[in-house]
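Notes for the one structure printed next.
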Number of protein chains: 2
Amino acid sequence: MVEHRTSPHHSGPGRAAEKPHDHDACIDTAIARARALCEERSVQLTPIREKVLQIVWRSHKPVGAYQVLDELSRTHKAARPPTVYRALDFLIAEGLIHKIESLNAYLGCGEAGVAHTSQFLICRSCGTTEEIVDPKLDQALDAAAKRARFTVERKVVEIAGLCGRCAG
Amino acid sequence: MVEHRTSPHHSGPGRAAEKPHDHDACIDTAIARARALCEERSVQLTPIREKVLQIVWRSHKPVGAYQVLDELSRTHKAARPPTVYRALDFLIAEGLIHKIESLNAYLGCGEAGVAHTSQFLICRSCGTTEEIVDPKLDQALDAAAKRARFTVERKVVEIAGLCGRCAG
DNA sequence: TGGGGGGATGATACAATATAACTTTGGGGC
DNA sequence: GCCCCAAAGTTATATTGTATCATCCCCCCA
Ligand SMILES: [Zn+2]
Ligand SMILES: [Zn+2]
Ligand SMILES: [Zn+2]
Ligand SMILES: [Zn+2]
C-alpha cells in the first residue's frame, strides 16, 4: 500500500521511514537519482529495471521477490521469476537497493550513489525498515574484524525490534 | 568433512575456528553443555535433537537444513524436512545453535548457556565461520538503535570476507 | 488399570525463494 | 546485410521452509 502525498516537506534523512511524509517524493527522488547514476555509469536502467525499482520503492517495508513479480505482472505479462531476480541483481549491483537477509526481501537504498555501509532497523510490528548510516558502528565492525585478523568484504547488520511509533 | 583429533590442546575462545584443533573436543563439549542446560531447564534434548546438534557441530562451517537432513537420514530413515526444522527450531530457542541469515544455514553456538549477543565472521573462501562476542560492537549497535528511538529485540551481524588463514 | 493430556515425532502435501540453461529479441557498429 | 552483445523470454528445476493431521508414548491420576 502506497502512502499518499500529505505534505510537501521532508523531515530530513533517516526519519522519512518513521512518520507520515511525502512518499511520492521519495519514489521520484529515487528514480531520478537512479537514472542519473546509470547514465553516468553507462549501464542501462531499462523499463523493467526501473519498474522493479519503483515497486520496491512503493513503501519503506522490504518487499519479497514474488511480491515484486505479482506487481510487475500486472503491466508486464511475460514477467517470470528470472525477470525479477535479474532486475533485483542489477539494482543491487548498482547500489540502488539492498537485500534484507533476515527477511529475504528487498528495500530501496536511501543513499544511492554515495559510498556507504548501512545498517537496518526492522520493525516487527509495522514492517517499516529504516536504513541508517552510523560511522561509529561501522568502525566498531571494522575493529572487531581486525582484532580477529579478518578481511571484511561485506557487512550485514540488521536490527529487529520495534520502531519509535510502534513502541509508542 | 570432520577434522580429526590432532592435538589435545585448545587455543582459547574465538580461535578454534581458525586453526587445526581438537575438534572432537569441540563437539563433546557442546553436547555435554547442551545436555546439562536442557536438564537444568527441564526441556528434552531428545535423540533426534542431540543428533542434529552433533551434525551441526561437525564443522565450524554453517550447515544447511537439507544437509542436516541428508546426514540425519543415514541413521534415521523416517527423517523429513519437518523433523529437521523442528529440531533446529528447538536448538535455536535454547540458544544451542544460531542461524546465519545471509547463508540460510546453521552453526553451533560456542557460548551456549551464557547470555550473549554474538557476531559472525564468515569466510567466503573456506566457509569457516567464527562467532565473536564483542561488547563494544554490541554497545555501538544499541547506541545506534537508541539514537533512532528503536527498541532492539534481535541483532543480526554477519561480516563476510576472508579469514586470517585464507587471506594470509 | 485404563483413560486422558501433552510433548514429540511421523507422514503427506505444499508454499516460498531462487537458479540453470537455452532461446529469442533488438539496437549499434561495420 | 551481418555480426555482436546485452537484455529479456521461456521452461524447467533446485533450494529452503511450513501447514496440517495422524500417531506414539510417557506420565499422571481417577
Ligand atoms: Zn518515503
Ligand atoms: Zn513499527
Ligand atoms: Zn572445533
Ligand atoms: Zn577461510
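Basis for what follows: all heavy atoms, side chains included, without hydrogens, waters or symmetry-related copies. As the structure is a computational prediction, the values presented were derived from the model and not from experiment.
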Checking [X] side chain against [Y] main chain: does a donor-acceptor pair fall under 3.5 Å?
X: His23(A); Y: Trp57(A); answer: yes
X: Thr151(B); Y: Arg149(B); answer: no
X: Lys61(A); Y: Thr129(A); answer: no
X: Gln67(B); Y: Gly64(B); answer: yes

Requested in this report: Report yes if the side chains of Ile97(B) and Cys109(B) come closer than 4.5 Å at any heavy-atom pair, otherwise no.
Outcome: no
Requested in this report: For Lys99(B), report the nucleic acid contact type (base, sugar-phosphate, nothing); a contact means any heavy atom under 4.0 Å.
Outcome: sugar-phosphate
Query raised in the report: Between dG10(C), dT10(D), dA7(D), which one does the side chain of Ala78(A) approach most closely?
Result: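 Within the option list, the nearest is dT10(D).
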Between atom [atom1] in [X] and atom [atom2] in [N], what is the gap in whole Å?
X: Glu101(B); N: dG17(D); atom1: CD; atom2: C1'; result: 12 Å
X: Arg80(B); N: dC14(C); atom1: CZ; atom2: C1'; result: 15 Å
X: Ile92(A); N: dA18(C); atom1: CD1; atom2: C1'; result: 12 Å
X: Asp70(B); N: dT16(D); atom1: CG; atom2: C1'; result: 13 Å
X: Leu91(A); N: dA8(D); atom1: CG; atom2: P; result: 11 Å
X: Phe90(B); N: dA8(C); atom1: CZ; atom2: P; result: 7 Å
X: Leu88(B); N: dT9(C); atom1: CG; atom2: P; result: 12 Å
X: Leu45(B); N: dA8(C); atom1: CG; atom2: C1'; result: 13 Å

Query raised in the report: Which letters describe nucleotides 18-27 of chain D, given B = protein heavy atom under 4.0 Å from base, S = only from sugar-phosphate, - = neither?
Result: BBB-------
Query raised in the report: Which letters describe nucleotides 23-28 of chain C, given B = protein heavy atom under 4.0 Å from base, S = only from sugar-phosphate, - = neither?
Result: ------
Report task. Identify, between Val43(B) and Asn104(B), the residue whose nearest nucleotide on DNA chain C lies closer to the 5' end. Result ->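 Residue closer to the 5' terminus by nearest nucleotide: Val43(B).
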Requested in this report: May I ask you to verify if any side-chain N or O of His76(A) is less than 4.0 angstrom from the OP1 or OP2 atom of dA8(D)?
Outcome: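 So the side-chain polar atoms of His76(A) never come under 4.0 Å of the phosphate oxygens OP1 or OP2 of dA8(D).
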Query raised in the report: Closer than 4.0 Å, any side-chain N/O of Tyr106(B) to the OP1 or OP2 of dT16(D)?
Result: no
**Report entry** Within residues 36-46 of chain B or reaching into it, pairs that qualify as side-chain hydrogen bond (donor to acceptor under 3.5 Å, both in side chains) - sequence neighbours excluded
**Finding:**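 Checked against side-chain hydrogen bond (donor to acceptor under 3.5 Å, both in side chains) - neighbours excluded - the pairs reaching residues 36-46 of chain B are Arg41(B)-Glu94(B).
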**Report entry** Electrostatic pair Glu158(A)-Lys155(B), nearest N-O below 4.0 angstrom
**Finding:** no
Below 3.5 Å between N/O atoms, which protein atoms pair up with nucleotides 3-6 of chain D? Just atom names and distances, please.
unit_1: dA6(D); atom_1: O3'; unit_2: Gln44(A); atom_2: NE2; d: 3.4

Query raised in the report: What is the minimum heavy-atom distance between Lys51(B) and Thr75(B), and which atoms define it?
Result: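 Here Lys51(B) and Thr75(B) meet closest at CE-OG1, 3.8 Å.
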Query raised in the report: Please walk me through it: do Glu101(A) and Arg154(A) pass salt bridge (Lys or Arg N to Asp or Glu O under 4.0 Å)?
Result: CA-CA 12 Å; Glu101(A) 297 289 350; Arg154(A) 185 177 172 231; 2.6 Å; yes
Requested in this report: Give a yes or no on whether Leu141(B) and Ile132(B) share a hydrophobic cluster (residues Ile, Leu, Val, Met, Phe, Trp, Tyr; joining criterion: side-chain heavy atoms under 4.5 Å apart).
Outcome: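 Looking at the clustering, Ile132(B) is in the same group as Leu141(B).
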Query raised in the report: Do Ile27(B) and Ile55(B) sit in the same hydrophobic cluster, where Ile, Leu, Val, Met, Phe, Trp and Tyr count as joined when their side-chain heavy atoms come under 4.5 Å apart?
Result: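 Same cluster.
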Query - Pairs touching residues 72-90 of chain A that satisfy salt bridge (Lys or Arg N to Asp or Glu O under 4.0 Å), sequence neighbours left out - result: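 Applying salt bridge (Lys or Arg N to Asp or Glu O under 4.0 Å) to every pair that reaches into residues 72-90 of chain A, excluding sequence neighbours, yields Glu71(A)-Arg74(A).
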**Report entry** Canonical and wobble pairing (Watson-Crick, G-U, under 3.5 Å) of DNA chain D, dot-bracket with |
**Finding:** ||||||||||||||||||||||||||||||
Query - Ring centre gap for Phe120(B) and His98(B) strictly below 6.0 Å - result: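 Distance test on ring centres: under 6.0 Å, yes.
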Query raised in the report: Looking only at side chains, do Glu131(A) and His60(A) share a donor and an acceptor under 3.5 Å apart?
Result: no
